[in-house]
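Note sheet for the following structure.
What you are looking at is a predicted structure, and each value in this text was computed from that prediction instead of being measured.
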Amino acid sequence: MSPLYLSRGASKVVRRITSETSVELKILSEKWRLLLAGLVFQYIHGLAARGVHYLHRPGPTLQDLGFMILPELGKERGYISETLFTIVFLSFVLWTFHPFILQSKRFYTVLIWRRVLAFLCASQFLRIITFYSTQLPGPNYHCREGSPLARLPPPKNAAEVLLINFPRGVIYGCGDLIFSSHMIFTLVFVITYQKYGSIRFVKMLAWCVAVAQSVLIIASRKHYSVDVVVAWYTVNLVVFFLDKKLTELPDRSAGSASILPVSLKDKDSKVKEENTRLLNGNSGDSADRRPRAQMNGKHIENGNHVEGENLKT
């Protein structure tokens with residue numbers, strides 16, 4: 001490839017990124033509240049998981065059908081499930097930002113992340129209620145009896161709890177079992193791509209990856225089978241019902257890439273304008289407001305005599 005061709009291609013990409021950034025910033029200036037709330041709730045979810053670790057009491061691993069069927073991967077191979085989850089997470093994040101690079105696009109990045117965060121927060125809220133209701137003995141290696149990480153000593157100050165010992169406190173947490181947080185993220189990402197993605201093969205592959213993630217989590221003994229099973233139907237139900245309540249994303253494909261979502265202010269102004277026209281008695285079209293005169297039961301419009309249908313010749 002010639003340098004001239006590369007420079008032209010690079011300039012096109014830069015212009016595309018600049019244009020998309022300006023559009024996304026306009027949307028962000030109106031839709032930032034729910035995004036911020038979703039990000040704050042991620043911290044609250046981590047804080048709740050840290051808090052339940054103080055309540056965790058190690059004990060014998062519960063009888064589990066998945067543990068009977070699937071061979072144990074072992075402590076040294078526990079990274080496999082985490083690696084797969086990292087690939088899923090990063091792939092989804094990159095896909096949501098593809099409108100900044102690619103010419104073909106179906107959604108706005110800000111709007112799709114508002115939707116994703118709504119699904120995540122609703123599922124995580126149910127998760128917090130569930131794992132605080134009953135604390136099960138953790139099946140993971142660092143949560144078993146004899147492990148120094150299985151129980152946390154009482155916190156010395158509030159900062160020790162509020163800082164949640166990130167990232168070590170997240171990786172080596174215990175007690176936040178029902179239901180799996182990894183499966184919440186995985187299923188929300190897969191369901192979102194199923195609806196807004198465009199490549200059929202990737203959709204099929206994503207569901208296969210979700211199944212593989214479930215198997216690896218159980219085989220790694222990071223969760224009981226019930227944690228994964230509950231995540232599958234809970235997340236799908238949460239997305240099903242919330243999706244009906246949330247405003248549908250505008251479709252940017254098929255030549256509609258320049259259409260911006262209508263803001264609430266624009267909607268309110270249109271409603272007020274319509275109400276004002278109705279109060280003034282001007283609800284009809286401009287063609288219906290033409291002056292009309294009546295003579296002998298017959299109407300005259302624009303100087304033309306309009307005869308009745310049954311007028312005899």
Side-chain angles (χ1 to χ4, degrees), residues 41-86 120 123-187 210-235 237-238:
F41 194 82
Q42 298 309 300
Y43 168 74
I44 295 174
H45 175 252
L47 188 64
R50 177 68 173 176
V52 79
H53 195 166
Y54 289 101
L55 304 176
H56 178 256
R57 297 296 178 264
T61 303
L62 302 179
Q63 184 174 349
D64 188 278
L65 182 61
F67 292 178
M68 298 177 186
I69 298 174
L70 298 174
E72 190 171 349
L73 287 178
K75 187 177 181 179
E76 65 279 0
R77 288 188 289 271
Y79 68 91
I80 298 177
S81 64
E82 292 298 328
T83 302
L84 182 61
F85 175 75
T86 302
L120 290 176
S123 301
Q124 290 167 338
F125 177 75
L126 296 176
R127 180 175 188 259
I128 293 172
I129 296 175
T130 307
F131 66 63
Y132 266 102
S133 299
T134 303
Q135 288 87 47
L136 303 178
N140 210 336
Y141 302 102
H142 64 270
C143 299
R144 298 177 183 178
E145 291 180 301
S147 172
L149 301 174
R151 300 181 66 171
L152 291 180
K156 298 177 182 179
N157 49 58
E160 185 178 339
V161 179
L162 296 176
L163 294 178
I164 65 177
N165 192 21
F166 185 84
R168 184 178 177 84
V170 176
I171 298 174
Y172 294 101
C174 297
D176 56 328
L177 292 175
I178 303 177
F179 42 96
S180 171
S181 179
H182 282 59
M183 289 309 302
I184 290 177
F185 279 90
T186 301
L187 290 172
V211 173
Q213 180 73 45
S214 304
V215 173
L216 289 173
I217 288 174
I218 299 172
S220 301
R221 303 303 188 253
K222 295 180 178 179
H223 278 278
Y224 292 108
S225 300
V226 65
D227 307 336
V228 175
V229 172
V230 171
W232 269 91
Y233 64 74
T234 302
V235 174
L237 287 173
V238 166

Full working for side chain to side chain contact (heavy atoms under 4.5 Å, CB included) between Thr134 and Ile178: CA-CA 9 Å; Thr134 303; Ile178 303 177; over 6 Å; no
When rounded to the nearest 0.5 angstrom, what is the spacing between CG in Leu162 and CD in Glu160? 10.5 Å
Heavy-atom side-chain contact between Ser123 and Thr234 under 4.5 Å: no
Verify the distance criterion only: is there a donor paired with an acceptor across the side chains of Arg151 and His53 at less than 3.5 Å? no
Hey, is the main chain of Asp176 close enough, under 3.5 Å, to the side chain of Arg127 for a donor-acceptor pair? yes
Lys NZ or Arg CZ of Arg221 over Tyr141 ring: under 6.0 Å, within 45°: no
Any side-chain heavy atom of Met183 sitting closer than 4.5 Å to one from Gln213? yes
Any side-chain to backbone donor/acceptor pair from Arg144 onto Pro60? Under 3.5 Å, distance only. no
With side chain to side chain contact (heavy atoms under 4.5 Å, CB included) as the criterion, how do Leu152 and Arg50 come out once you've worked through the C-alpha distance, each side chain's angles and the decisive distance to 0.1 Å? CA-CA 10 Å; Leu152 291 180; Arg50 177 68 173 176; 3.7 Å; yes
Phe185 to Leu120 - nearest heavy-atom pair and separation: CE2-CD1, 3.7 Å
Of all the heavy-atom pairs spanning Ala210 and Leu187, show the shortest one and how long it is. CB-CD2, 4.4 Å
Do Phe67 and Tyr224 have ring centroids that are under 6.0 Å from one another? yes
Side-chain contact test, heavy atoms from C-beta onward, threshold under 4.5 Å: evaluate it for Leu216 versus Phe85 and give yes or no. no
Would a 4.5 Å heavy-atom cut-off, applied to side chains only, mark His142 and Cys174 as touching? yes
With the side chain counted from C-beta on, respond yes when Leu177 and Phe131 share a heavy-atom pair under 4.5 Å apart, and no when they do not. no
Student check: side-chain heavy atoms of Trp232 and Ser214 closer than 4.5 Å: yes
Examine distances only and state if a side-chain atom of His182 and a backbone atom of Ile217 form a donor-acceptor pair shorter than 3.5 Å. no
Could you give me the CA-CA distance, side-chain angles and deciding distance for Tyr172 and Asn140, then say whether side chain to side chain contact (heavy atoms under 4.5 Å, CB included) is met? CA-CA 9 Å; Tyr172 294 101; Asn140 210 336; over 6 Å; no
For the residue pair Pro71 and Ala219, what are the closest heavy atoms and their distance? O-CB, 3.8 Å
Which distance, rounded to the nearest 0.5 Å, do you find between the CG of Leu62 and the OG of Ser225? 11.0 Å
Among Val226, Asp227, Val228, find the residue that satisfies the side-chain contact (heavy atoms from CB on, under 4.5 Å) test when tested with Val230. Val226
State, with a plain yes or no, whether a side-chain heavy atom of Pro137 is found less than 4.5 Å away from one of Pro58. no
What's the verdict on side chain to side chain contact (heavy atoms under 4.5 Å, CB included) for Phe41 and Ile128, showing C-alpha distance, side-chain angles and the deciding distance? CA-CA 11 Å; Phe41 194 82; Ile128 293 172; 4.2 Å; yes
Residues forming a salt bridge (Lys or Arg N to Asp or Glu O under 4.0 Å) with Glu82, sequence neighbours excluded: Lys222
Do you know which two heavy atoms are closest between Pro155 and Tyr54, and how far apart they sit? CD-CE2, 3.5 Å
Might you point out which heavy atoms bring Val161 and Leu47 nearest each other, and give the distance in Å? O-CD1, 3.2 Å
Do Gln135 and Val52 have side chains that get closer than 4.5 Å, going by heavy atoms? yes
